[in-house]
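Have a look at the structure below before the remarks.
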Amino acid sequence: MSNLTILALSGSLRKDSLNTRLLTAVTRLAPPELTFDVFGDLAAIPLFNEDDEHPAPSAVAQLRHRIRAADGVLIATPEYNAAMPGVLKNALDWLSRPVAEGPVLEHKPVAIIGASQGPLGTIRAQLNLRSVLHKMNADALGQPEFVLPHAHQALADGELPAGSPSPAILTAVVDGLVGLIEHRRALASLGR
Ligand SMILES: Cc1cc2nc3c(=O)[nH]c(=O)nc-3n(C[C@H](O)[C@H](O)[C@H](O)COP(=O)(O)O)c2cc1C
């Protein structure tokens with residue numbers, strides 16, 4: 001595997017976010033060839049307003065730049081009222097807008113994971129996020145899916161519980177994302 005950079009984005013602003021903890025757990029189990037660029041400035045992304053697009057607010061420009069510089073994106077989404085949180089959707093609305101080089105997530109390999117305190121582990125938020133990424137022509141990983149229900153218990157110590165299937169599934173998600181990146185590179189080398 002060649003060295004790759006993954007932009008990691010947690011959809012939570014919360015200091016003790018379970019989704020941010022989940023991203024940290026992924027960075028610990030991923031192979032050393034992967035560098036994670038954790039974007040921690042979601043709170044600085046203003047509410048989307050078409051009147052404010054030009055020039056783009058600095059936090060938006062920074063996020064666009066870091067996604068463009070990354071080979072792939074990993075998003076950990078919380079679930080709010082059976083959907084992704086508004087702050088994450090707001091960031092995606094900014095990212096969906098055309099810029100000189102094209103929308104930044106178009107054809108970008110993206111993997112989705114999520115942790116929630118409820119019994120469904122963000123499956124509804126992930127479906128919601130997936131449909132928005134589909135509209136944006138992002139290259140979202142279909143399988144495997146990773147949901148972490150009752151995450152306040154599972155991640156109580158900040159680590160995934162030893163012996164749970166979670167690390168193996170997360171490893172498979174990371175492998176799938178790397179596969180998507182390599183597939184995208186092969187297509188690009190063919191001029192597609
Ligand atoms: C406004 C709001 C709505 C929520 N709705 C859901 C929900 O639909 N499903 C669920 O499993 N948890 C729901 N929760 C609980 C979240 O799973 C929990 O707050 C979780 O810790 C949020 O992720 P974070 O720790 O990364 O911030 C909700 C929480 C809030 C604040």
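Each ligand, and each atom within it, is numbered from 1 in the order the structure gives. Model, not experiment: these values are computed from the prediction. Positions are given from 1 along the sequence.
Here the shortest heavy-atom distance to atom 26 (O) of ligand 1, taken over Ser17, Gly11, Gly86, Gly118, belongs to Ser17. For atom 9 (N) of ligand 1, the choice among Lys15, Glu79, Arg14 with the nearest heavy atom turns out to be Glu79. Summarising the contacts of atom 20 (C) of ligand 1 with His152, Gln117, Arg124, the nearest heavy atom is found in Gln117.
For Arg64 and Glu101, the salt-bridge test fails: no basic side-chain N is under 4.0 Å from an acidic carboxylate O. Salt bridge annotation for Arg184-Asp71: absent, with no cationic side-chain nitrogen under 4.0 angstrom from a carboxylate oxygen. Using a cutoff of 4.0 Å between basic side-chain nitrogens and carboxylate oxygens, Arg28 and Glu159 are scored as salt-bridged.
Within the listing of ligand 1, atoms 23 (O), 24 (P), 26 (O) sit less than 4.0 angstrom from a heavy atom of Asn19.
Nearest protein heavy-atom neighbour of atom 22 (C) of ligand 1: Pro78 CB, 4.0 Å. At the top of the distance list for atom 31 (C) of ligand 1, counting protein heavy atoms only, stands Tyr80 CE1, 3.9 Å. The closest protein non-hydrogen atom to atom 27 (O) of ligand 1 is Ser12 OG, 2.7 Å. Shortest contact from atom 11 (O) of ligand 1 to any protein heavy atom: Ser116 OG, 2.9 Å.
In this structure, Arg21 does not count as a contact residue of ligand 1, since none of its heavy atoms falls inside 4.0 Å of the ligand. Distances from ligand 1 to the non-hydrogen atoms of Asn81 include at least one value under 4.0 Å.
Once rounded to the nearest 0.5 Å, the distance linking CG of Asp93 with CD1 of Ile45 reads 11.5 Å. Atom CZ in Arg66 sits 10.0 Å away from atom CG in Leu9 (nearest 0.5 Å). Distance check: Thr5 OG1 to Phe36 CZ gives 10.0 Å after rounding to the nearest 0.5 Å. Between the CD1 atom in Ile181 and the CG atom in Leu4 there is a gap of 5.0 Å [rounded to 0.5 Å]. Annotation: the span from Asn137 atom CG to Glu106 atom CD amounts to 5.0 Å, rounded to 0.5 Å.
Looking at ligand 1, you won't find any N or O of Ala115 less than 3.5 Å from one of its N or O atoms. Checked by distance only, ligand 1 and Ala82 come closer than 3.5 Å through their nitrogen or oxygen atoms.
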